[in-house]
Amino acid sequence: VLSGCSGGGASSGDVLTIGMPNGPQSNNSNPFAPTSSAVVLGYRGMMYEPLAQINPTLPDRDPVPWLAKEWKWSDDYKSVEITARDGVKWSDGEKFTADDIAYTFKMLEKYEAFNANALPFDDISVSGDTVKLSFDVPEFVNQTKVINQFIVPEHIWSKIKDPEKDANQKPVGTGPYTLKTWTQQAISFVPNNDYWGGKPKVPEVRWTSYTDNNAMLTALLNGQAQWSYVFIPDIDKTWVAKSETNKNWQPTGLGIDALFFNTTKAPFDNVAVRKAVNMVVDRKSINTQGYSGFKGLVDNVNGLPSPAGDSFAAPEFKDKKAEIDVDGAKKVLTDAGYTYSGDKLMDPSGNPVTFTLVDPAGWSDYLASLQIISDNVKKIGIDAKVETATVDNWTAAVQNGDFQATLHWTNTGATPWDIYSNIMDGTQLKPIGTTANWNFGRFDSPEATQALAAYANTTDDAERTTAMNTLQKIFVEQVPAIPVAAGPMGAEYSTKHFTGWPDEKDPYAVSQPTQPSISQVLMKLEPVKK
Amino acid sequence: MTLLDPTTAALPPRERKPVLEIRDLSVDYGYDQNAVHALQGVDLTLHAGEVLGLAGESGCGKSTLAYAATRLLPPPGVITGGSVTFTSARDGHGGDLLRMGEAELRAQRWRDTAIVFQGAMNSLNPVYTVGRQLVDGILAHKPRSRDARAEARARALELLDMVGIPKDRLGSYPHQLSGGMRQRVMIAMALALEPEIVIMDEPTTALDVVMQRQIVEQIMQLKDELGFSVIFITHDVSLLLELADRIAIMYAGRIVEDASSEEVYKMPRHPYTAGLLHSFPPLRGPKRDLAGIPGSPPDLVNLPTGCKFHPRCPYAFDECKLTDPVLGPTRFGAAEPERQVACLLNDERVAPGPIPLELGVRPEGDRIV
Amino acid sequence: MTTPTSGDPSSAAPAAADSPSAAARVPVIETVALTKHFPVRGRGSRGKVVHAVEGVDLRLDAGSVVALVGESGSGKSTVARLIAQLLPRTSGDVLLQGQSVRVRLGRSFRRYVRNVQMILQDPFASLNPVHTVGYVLTRSVSIHNPGLSRAEREQKVRGLLEQVELRPAERYLTKFPHELSGGQRQRVAIARALGATPKALLADEPVSMLDVSIRIGVLNLLQRLKKDLDLAILYITHDIASARYFADETVVMYAGQVIERGPSEEVTQRPRHPYTQLLIASAPDADQLAGREERPAKGEPPSLIDPPTGCRFNPRCPFAMDVCRQERPPMFELEDGQKAACWLYDEGRAEQRAAAFGADAAAGVPVPVGATAGPAGAARGITNGGAGA
Amino acid sequence: MSVQMDPVAADPTSTATLTAVAVRSKRGRRVQFGILRNRKAMVGIVVLAIFILLAIIGPWIAPYNPDTVTPEGLQPPSPEHWLGTTATGQDILSQLLVGTRGVMLVGLTAGIVATLISVIVGVVSGFVGGIGDEILSLISNVFLVIPALPLIIIITGLLPGAGGLTVAFVIAVTGWAWGARVMRAQTLSLRRRDFVEAARANGEPLWRIVFFEIMPNLTAIIASGFIGTVIFAILSEVTLAFIGVTSISDWNWGTVLFWAQSSQALVQGAWWWFVPAGLCIAAVGTSLTLINFGIDEFVNPRLRSTAANAGVLRRKKIRARIGFTPVYRGAAARGQKEAQR
Amino acid sequence: MKFLIRRVIFYVITAWAAVTLNFFIPRLLPGDPVQSLINKYQGRLSTDAIQSLYVLFGLDEKSSLWDDYVKYWAGLFKGDFGISFTYFPTPVSEVISQSLPWTLLLVGISTILGFILGTLAGVGLGWRRGTWADGLLPVANFFSAIPYFWLGLIAISLFAVIIPIFPASGGYEGGLIPDFSADFIGSAIYHGILPALTIVISSIAGWILSMRNMMVTVSSEDYVTVAQAKGLSERKVMFGYAARNAVLPSISGFALSLGFIVGGTLVTEMVFSYPGIGFTLFQAISSKDYPLMQGIFLIITLSVLVANMVADFAYAVLDPRTRQEG
Ligand SMILES: Nc1ncnc2c1ncn2[C@@H]1O[C@H](COP(=O)(O)OP(=O)(O)OP(=O)(O)O)[C@@H](O)[C@H]1O
Ligand SMILES: Nc1ncnc2c1ncn2[C@@H]1O[C@H](COP(=O)(O)OP(=O)(O)OP(=O)(O)O)[C@@H](O)[C@H]1O
Ligand SMILES: [Mg+2]
Ligand SMILES: [Mg+2]
Ligand code: NI
């Protein structure tokens, strides 16, 4: 599939080319700015390394110490002591110390704009090679966010007058690579010869941003890019089957796409309808056709993706899959007082049951999935329409509770807490018409709210497990949302020139190039011997 | 100025050299059955040094004749037959313009036959200076050489001077000149290569009489100096009577009368000619009755049968509806060897009786019986 | 820039001098010192104007024709448009039956238009190509006779067509302008004007585009209308012979000003102003084949933006004197109701006059060019004789 | 703005076309009739008529419900699915058939509205002159310089539920300026024409002059402006749908292409998903340009005579040229000659 | 003078109105840059970041639209277009200067090429009207009726994927650093061929048609016949007399399209992943990046205005009739 067309080294073994479909970028390597190309494209991780490497697709694995030699949380998870690794040097030759760690967290505290995880710092102090961070509230559910924080050099950043507006065009980090050149078309990196983990074996890494998925896929197919994370429809046929060196590994994390029901509006104010719909939604065809097989299938009744969520599953829901059961669904409905007039489902007051599914125009996978759902519910006599809106109108409608059902994502966390909180948390509950950040469906369950709080704040592991089981029970019985897909955290890559990639057999890291774990991956890659 | 050019008038008629002989020329507008037959079998001869006037009412085909003779008719005009033979009075070269190839025709143009178009405003390229337009016409016919351009420029200046336009106007654009000046530029341009024939299609119609007079006098003066022949087209009969040696009267795409201008004026032989002469009021002398010509001009798409003029002709007889008369000698025959007319009244075989008084004035002054 | 008007205001109405009875009658249209300046557009010409018409006095009486002649661009059409109120005038006045009018739009304009109709210069351009003759005339009739029933309207339209000799009327009703000859169009334009039953008709070169045989038909028509409807007609033309033939009075304009006026026969046969003489000498005349006087007719019309001072004809005038370059000549009254604006006719300039026009002219009667040469006797006689046939 | 320097007013085409219009449209009814004799226009009209018919009956003759998801994804054309299926197993032919209405509706609505605005603004501004003209010219110039497509994207985003008609109106609102400019220039030169003056002199009220004297002479320009706008509108609509700005649940050809593109149909080799919609757009566009061509040729007699006679010319091997009149001594001509002699 | 001043005033007012609209219209859009960013990542950006983003963009303090407007103008006069949200904290002027040259080159060259080729073809077709050449017109029509993006995508799949002779995306070879080396320029040209070709192909028909029609109209003008009558060579008549006059009306259209070059052809740039300004604008719109939108709008608007003025001027140069004497 390689073409000699573009000459250059793009497809040879000297350069690892990484592509992302993120559109034009500007020369900005500020690791804090979510709009900088370092973050948008994701090459931040090549230079700025985290305290520890975590694997969100395998949350039960222990984080790998990286810039931190070790760390220790207090029992109430309100403080943590972090010990800096020895022998690490910044790429400009300066020594990496605990002060750099402290300085980085102080910047987060000082500049609200940088504190993307909204960590509520209380105090930051250094003693020797140890940094102590303390927080206002327990950070159990956020623990990975703390230790996954990348670290910047104090000696550079303390001299920057306005870090929020700095483009950081000559980045200095501890990572395995350093920035060589930055152009619109390609951002080139060369190995950091003093890297604490040894010298990386890939001679050059080059990042390119393509305008859209099509261009990205074309580049992958003709060998211009070797590593990417991009939506590819029918990926086995379109990508994997094209060459035996074309690989795809898409493990999922603890974040899902779910059909949010507005539980305050008919027909979804009635749990019977939510249940019945849940029983007829064809998750498999949503997975294969709606998402073209790209996102992970979520068919566990508790809504947690496998394998990431398996260790959290309540005993009664372990390995329990959602099955299509049209008759069962009809029974649920008729038991709840619904009737059929011909094929059409009538609610207890005799009106036909209909609803509208909405998502933004242009979000093709969501819309295709909605279309499948609307097709599915015909089987139980419900007429569902798929509507589109502009992104902005949709956002406003969803936040204000002005919808019946919509496909929406949840945050990805280290535990299922984020998923359940995003869907059911009473603390996020806002009246219809005012902006809610989560719990768009206005699911009102004090029990769930209490369980969520308990899970996050308790110091007792058993209590935490109980809370998690309660949450799952509520989720399964009340059906506040139907999980349909899990956000993949994988990548497409080619083993033609480099090997050593993470895969199912050796899931040593997340394969996505935009993750901090890229330094783990790069250190494992080796050029193929010719 | 005089009515008859002394050089030609002095020559006995037979010795006059024809420079342009148009034979049997037919022209259609359109390519299919619905074509307008704008000219049908026109015969016309232009002699060296002569001013031939072409008159007739609007739309009778005067311009068509001029353009067809030079093959400049715009589409959908198409020449459907005949010949147009040019014979140089100077060295005898020439040939049938209708059978010439493109290159030959290009070379012939302007050098032998030049034409001044009806509207001067539109005849000059609005985006070039008049100088440039004069020069490129000259250069097109000169072998390329180092100082051809300079020579052409000098010639252009000379030409402007000749037609009475200040030399500094060479760099003017057409829109900067008045209508009269533009017309004179066109005349200058036509004379640039000293052609043997200059065809002028209503060169003065758009101008007022004072300007018209200026230009007409200039043309006649230049003709005397340079000795070219002129076909002068207008529907202003009185103007033609004044300046042409010979006049051809056209009606509905045919020539109906061809005679010297004096003869036309004094002794019209075709009823249409006679009607024309009764249509303009005299400027001086006693006022006279103006009858005009009854009826309306013919529709070229739907021509009447027989003589095209018969529906409007006061002397029409039955045969006129059937037979289309051919341009031929008059009833006076040998007495008027240079005259031709297309009217059945002149055909003794069919004419019902003696020729009407008005059309029968004898050259000698008395009438035929 | 105003110009001195001719000395005696009463002289503005030449017909008055001719017949005392006419003086008592109110003219249908009268213009007093009518003036029009057009602003000049374009770079660097701020404040400049085209002096298109300056101080023109005209008087149109019922049942008479005034011809307006002059070179192209001398302002003839502008005068007509000013009278028709199609252009706002710069100064001066237009009187309709003694009443000053200045209307532009709306009802008052239409009321005025009912009395004064104009036929525009170009018959090919003045009829909308998309409308039939029937439409044009019906509109004219219904604008000016609002209350008519449909049948009456049709009747009237038919009447109009017949009046202008477009018979049978039915055949013309559905025709589009392009299906008509120039003469027919011109007649439609006239019929349209008559639809308003006007008192005055402003005919701007109604025949210039037509060839002689059609031209005469239109002129005869106007002549008849004048008599039948007691119309006052302003006849603008380049064809001086037709002015002689058709108009009672002829007014000659040069560069926006009237330079000579008088009964048509006088003006055409005995032109007094050097420009008029030039004009008449220039007109082609089949009867004057021999012996045309060579008169230098050089020169271009003057700029109307910066007109020459004094007499505007002075740069081209063979007789120009110093006074001509300095002062604008007033209208000098000559015999037979003729008037000319030329300093040669000033009381004290008999000598110059004699020098210019020859001995005969000393008496104030310059010899018209060619008038002495006899007509080409035989030819004329014969042609005339056969005319009736 | 000064009338004299306005490039459009000074533009020789406008006057040329204008004269042509004047010459042609006087044929009145014959114009409309005559256009049918033009072969190019005829082809255009037939093609367009087919699409209009499909726009009307498309939803009824569509073999499947275009929304129905089936397991037979990405099938190449077959007897069951003439144009194959999408990744979700929807029938592409049905989508195209159902989508025709959306395209036609938006195209025609936008064309009508934009033409209306441009005629009103153009004619008023050309006719009124003075300060009114300045203001209207200013407005149209502003709309001319604001980039249309981004503006459309913004306005579409601004309006809730951007369905077909909304899009049509937005396209119209952003797309009228050029037409208005042309219309203004034409009106300006028409206004000075003698027949307008003559109508005024005859006493016609102002509104009648505008509507009955000037407007009929603009028909040809209005018509070709309309056709141009319709093409512009269709292309805009399709583009908008393609880049996912407008609603994609209303089927139109742009929507089909959007789905094809977002499912990367071309990379997957599903040409049948991508090609037919594009060809449909091109076909409608071409048919409209052909009609426009017909109008142009009709309006411009110089284009018409040869265009209408192309066949005859070819048969007779005559090459109609300017400056070198063809000489054709065909049998017909000679025969007629002899008859006359 | 007066005319010139009026003209300038006219353009100034137009510019003011356009810039003001450019300011207000984007702000009428619902949603804000932060929400757009969150939506764009569909869950890959944690909602915890919302507040930090508001702070980052300086949107945490609400200021009135009017104040923004005044500030905007003040900034403009200082040449400061503000800071882009999408590329925060890159100044808008920098974002624009990164992408503008590409668009100018690609779209500029292909627009000019399209105009020149189309006009030349139009001259030929108009001059040879009534011959086989007329048969090309429907073909040209067809190409002009195809949507840009469709042509582009088909071209990519044909010439970059199936027969890979051209690159599918980008403005130059990834490894090169933009400079004036032969390598780089060669690569830029090579990458530009396919997109340029599609622009040329789909725009050429318009020029052909208008030029042809004008050519036909002009060819029957008397001065062309006079030129033929003068016996000038065919080429001279065709170009010097007919085409020289026929091209005049196309000039204003061409000037306008030159102005729109700056706007880029959004879809072409999208399809070819070309680093131009059209796509940047599209991104700015979809991420509610007002400063960037305004900046690009401003550039487009000004360049169209300038192009208009140039057209006025060019017209005066090319058509002596519009040149007024002082
Ligand atoms: N393109 C054309 N198509 C059809 N008929 C035409 C065309 N051009 C001219 N004619 C017709 O051919 C006839 C002769 O036209 P021509 O221009 O030669 O007349 P003319 O005698 O020069 O008239 P004028 O005195 O008005 O210039 C006219 O009746 C005219 O209608
Ligand atoms: N609307 C106008 N704006 C500026 N100048 C004008 C306008 N109308 C006429 N003129 C000028 O006024 C002068 C008189 O024009 P007018 O049309 O009255 O002349 P005319 O005597 O009718 O000429 P012709 O015999 O050619 O019809 C001319 O110099 C003309 O250029
Ligand atoms: Mg003619
Ligand atoms: Mg006039
Ligand atoms: Ni202006």
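What you see is a predicted model, and the numbers here were worked out from it, not measured in a lab. Chain identifiers are assigned alphabetically (A, B, ...) following the order of the sequence lines, protein sequences preceding nucleic acid strands; residue numbering begins at 1 within each chain.
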Subject >> Over 12 non-hydrogen atoms of neighbours within 6.0 angstrom of CG in D343(A) >> reply: no
Original post:
Does NZ in K321(A) sit with more than 12 non-hydrogen atoms of other residues, nucleotides or ligands closer than 6.0 Å?
Top reply: yes
Original post:
Can you tell me if Q264(D) uses its side chain to pair, donor with acceptor, with the backbone of L217(A) under 3.5 Å?
Top reply: no
Original post:
Can you tell me how far OG of S263(D) sits from CD1 of I232(A), rounded to the nearest 0.5 angstrom?
Top reply: 13.0 Å
Subject >> Interface moiety of Q261(D) toward chain A, non-hydrogen atoms closer than 4.5 Å >> reply: both
Subject >> Close contacts, residues 371-384 of chain A versus chain D, judged by heavy atoms under 4.5 Å >> reply: Q371(A), I372(A), D375(A)
**OP:** Working to the nearest 0.5 Å, report the span between CD of Q289(A) and CG of L74(D).
**Re:** 10.0 Å
Original post:
What part of T218(A) is in contact with chain D, defined as an atom under 4.5 angstrom from a non-hydrogen atom: side chain, backbone, both or neither?
Top reply: side chain
**OP:** Using a cut-off of under 4.5 Å on heavy-atom pairs, state which of N213(A), N214(A), T238(A) scores highest against chain D.
**Re:** N214(A)
